[in-house]
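Working notes, beginning with the structure itself.
Worth knowing before you read on, the calculation uses all heavy atoms, side chains too, and leaves out hydrogens, waters and symmetry mates. Position 1 is the first residue of the sequence; numbering continues from there. All of these numbers come straight from a predicted model, not from anything done at the bench.
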Amino acid sequence: MEESQAPVSSAFEELQETKGRRRDLLPWWIKTFTWLFLLMAAVVPIGVVMGLMGLNFSISLYGFETTDPISATGIVLTVLILFKGVTAYGLWTEKDWAVRLGIVDAIIGLVACAVAMFVLPLVDRSEGFVLNFRLEPILLILYLLKLQRIKPTWEAMEKEPSLM
């Protein structure tokens with residue numbers, strides 16, 4: 001009798017999990033990075049304006065850095081930060097597409113980190129061959145795995161109606 005109730009209770013618990021907010025599926029550390037990237041994306045227009053005025057503005061992400069937001073590296077980093085900002089906005093506001101975009105964001109981040117760690121040392125020989133190990137891939141892998149794990153539940157839940 002115990003065995004026959006286990007699937008029923010499991011299904012009931014899964015049903016209970018789909019009630020509530022999508023945001024509750026996100027762990028505290030993803031919520032923290034969500035706010036960080038929302039703030040970074042909000043600062044991007046200031047950096048672009050400063051770059052257009054000929055002023056320096058330091059931008060750094062995934063091991064790439066520049067002080068010129070209008071350079072090729074600066075534009076790529078600006079686009080990446082804006083992409084992360086859009087992803088963060090989607091996760092925080094519980095958009096249907098947010099987890100799918102987050103998965104793409106994690107994959108792009110992993111590729112960028114791999115390039116920064118393994119390709120840049122081969123291209124930039126100014127300091128000799130220096131292999132830098134970065135911590136971002138660890139967080140990006142955890143982020144990717146968590147998003148893949150919550151994706152079915154996220155998509156099964158309906159977005160909470162907003163009060164606005």
Side-chain angles (χ1 to χ4, degrees), residues 18 21-52 55-160 162:
T18 59
R21 298 190 65 138
R22 287 175 168 173
R23 193 182 307 159
D24 294 337
L25 298 172
L26 302 173
W28 67 269
W29 58 274
I30 290 180
K31 291 177 185 176
T32 302
F33 279 106
T34 296
W35 277 103
L36 176 71
F37 287 115
L38 283 171
L39 290 172
M40 285 175 65
V43 173
V44 163
I46 295 168
V48 171
V49 168
M50 287 179 69
L52 290 172
L55 301 171
N56 289 341
F57 188 85
S58 183
I59 304 172
S60 178
L61 186 67
Y62 299 137
F64 298 96
E65 56 187 51
T66 185
T67 56
D68 183 9
I70 308 303
S71 67
T73 304
I75 292 170
V76 169
L77 291 176
T78 299
V79 169
L80 282 173
I81 291 170
L82 287 174
F83 184 73
K84 294 188 91 41
V86 169
T87 302
Y89 171 79
L91 288 170
W92 191 254
T93 57
E94 306 174 13
K95 301 294 184 192
D96 294 335
W97 45 263
V99 170
R100 289 189 305 270
L101 196 63
I103 290 170
V104 171
D105 175 36
I107 293 168
I108 290 171
L110 286 168
V111 169
C113 283
V115 168
M117 288 190 308
F118 303 114
V119 176
L120 266 180
L122 296 173
V123 175
D124 181 14
R125 295 286 192 142
S126 62
E127 298 177 15
F129 182 77
V130 178
L131 186 63
N132 291 322
F133 178 74
R134 306 200 54 84
L135 295 177
E136 290 100 330
I138 296 168
L139 289 173
L140 286 166
I141 290 169
L142 294 173
Y143 174 59
L144 178 62
L145 293 173
K146 182 63 178 178
L147 290 180
Q148 288 176 332
R149 192 174 304 127
I150 68 171
K151 185 179 178 214
T153 308
W154 184 282
E155 291 176 347
M157 294 175 77
E158 289 189 30
K159 184 174 176 260
E160 290 285 320
S162 65

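- Take Gln148 and apply the side chain to side chain contact (heavy atoms under 4.5 Å, CB included) test, not counting sequence neighbours, and it matches Ile103, Leu144, Leu145.
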Which is it for Phe133 and Ile138 under the side-chain contact (heavy atoms from CB on, under 4.5 Å) test, yes or no, and what are the steps along the way?
CA-CA 11 Å; Phe133 178 74; Ile138 296 168; 4.2 Å; yes
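- Residues Ala41 and Pro45 share a closest heavy-atom pair of O-CD, 3.5 Å.
- Distance check: Ile70 CD1 to Leu52 CG gives 4.0 Å after rounding to the nearest 0.5 Å.
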Begin with the C-alpha distance, continue with both residues' side-chain angles, and end with the deciding distance and a verdict on side-chain contact (heavy atoms from CB on, under 4.5 Å) for Val43 and Phe57.
CA-CA 11 Å; Val43 173; Phe57 188 85; 3.6 Å; yes
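- Distance alone, capped at 3.5 Å, is enough to place a donor-acceptor pair between the Trp154 side chain and the Lys95 backbone.
- Here the side chains of Leu139 and Phe33 are in contact, with some heavy-atom distance below 4.5 Å.
- Residues satisfying the side-chain hydrogen bond (donor to acceptor under 3.5 Å, both in side chains) test with Arg149, not counting sequence neighbours, are none.
- Under the side-chain hydrogen bond (donor to acceptor under 3.5 Å, both in side chains) criterion, Arg134 pairs with Glu136, sequence neighbours left out.
- By the 4.5 Å heavy-atom criterion applied to side chains, Leu140 and Cys113 are counted as neighbours.
- Remark: Trp35 CH2 is loosely packed, at most 12 non-hydrogen atoms of other residues, nucleotides or ligands lying under 6.0 Å away.
- When all heavy atoms of Leu26 and Ile30 are compared, the closest pair comes out as CD2-CG2, 4.1 Å.
- Atoms CG and CZ, on Leu91 and Arg23 in that order, are 10.0 Å from each other to the nearest 0.5 Å.
- Proximity of Lys146 to Pro27: side-chain heavy atoms (C-beta onward) are separated by under 4.5 Å at one or more points.
- Shown here for Leu147 and Gly102, the closest heavy-atom pair between the two residues is CD1-C, 3.4 Å.
- With a 4.5 Å cut-off on side-chain heavy atoms, Met157 and Arg21 do not count as touching.
- The side chain to side chain contact (heavy atoms under 4.5 Å, CB included) search around Val86 returns Trp97, Leu101, not counting sequence neighbours.
- The minimum heavy-atom distance linking Pro69 with Gly47 is given by the pair CG-O, 3.1 Å.
- Legend: residues meeting side-chain hydrogen bond (donor to acceptor under 3.5 Å, both in side chains) with Tyr143, ordered by chain and number and at least two apart, are absent.
- Here OG1 of Thr87 is found 8.0 Å from CD1 of Ile108. Values are rounded to the nearest 0.5 Å.
- Note that OG1 of Thr34 and CG of Leu39 are 11.0 Å apart. Values are rounded to the nearest 0.5 Å.
- Met40 places none of its side-chain heavy atoms less than 4.5 Å from the side chain of Lys84.
- A search for side chain to side chain contact (heavy atoms under 4.5 Å, CB included) contacts involving Ala112 returns Tyr62, Phe64, not counting sequence neighbours.
- Leu36 places none of its side-chain heavy atoms less than 4.5 Å from the side chain of Thr32.
- From Ile150, atom CD1 reaches atom CG of Asp24 across 11.0 Å, with rounding to the nearest 0.5 Å.
- The residues Arg22 and Asp96 are annotated as salt-bridged, a charged nitrogen and a carboxylate oxygen being separated by less than 4.0 angstrom.
- For Phe83, the CZ atom counts as densely surrounded, since its 6.0 Å shell holds more than 12 non-hydrogen atoms of other residues, nucleotides or ligands.
- Rounding to the nearest 0.5 angstrom, the gap separating the OG atom in Ser58 from the CG atom in Asp68 is 11.5 Å.
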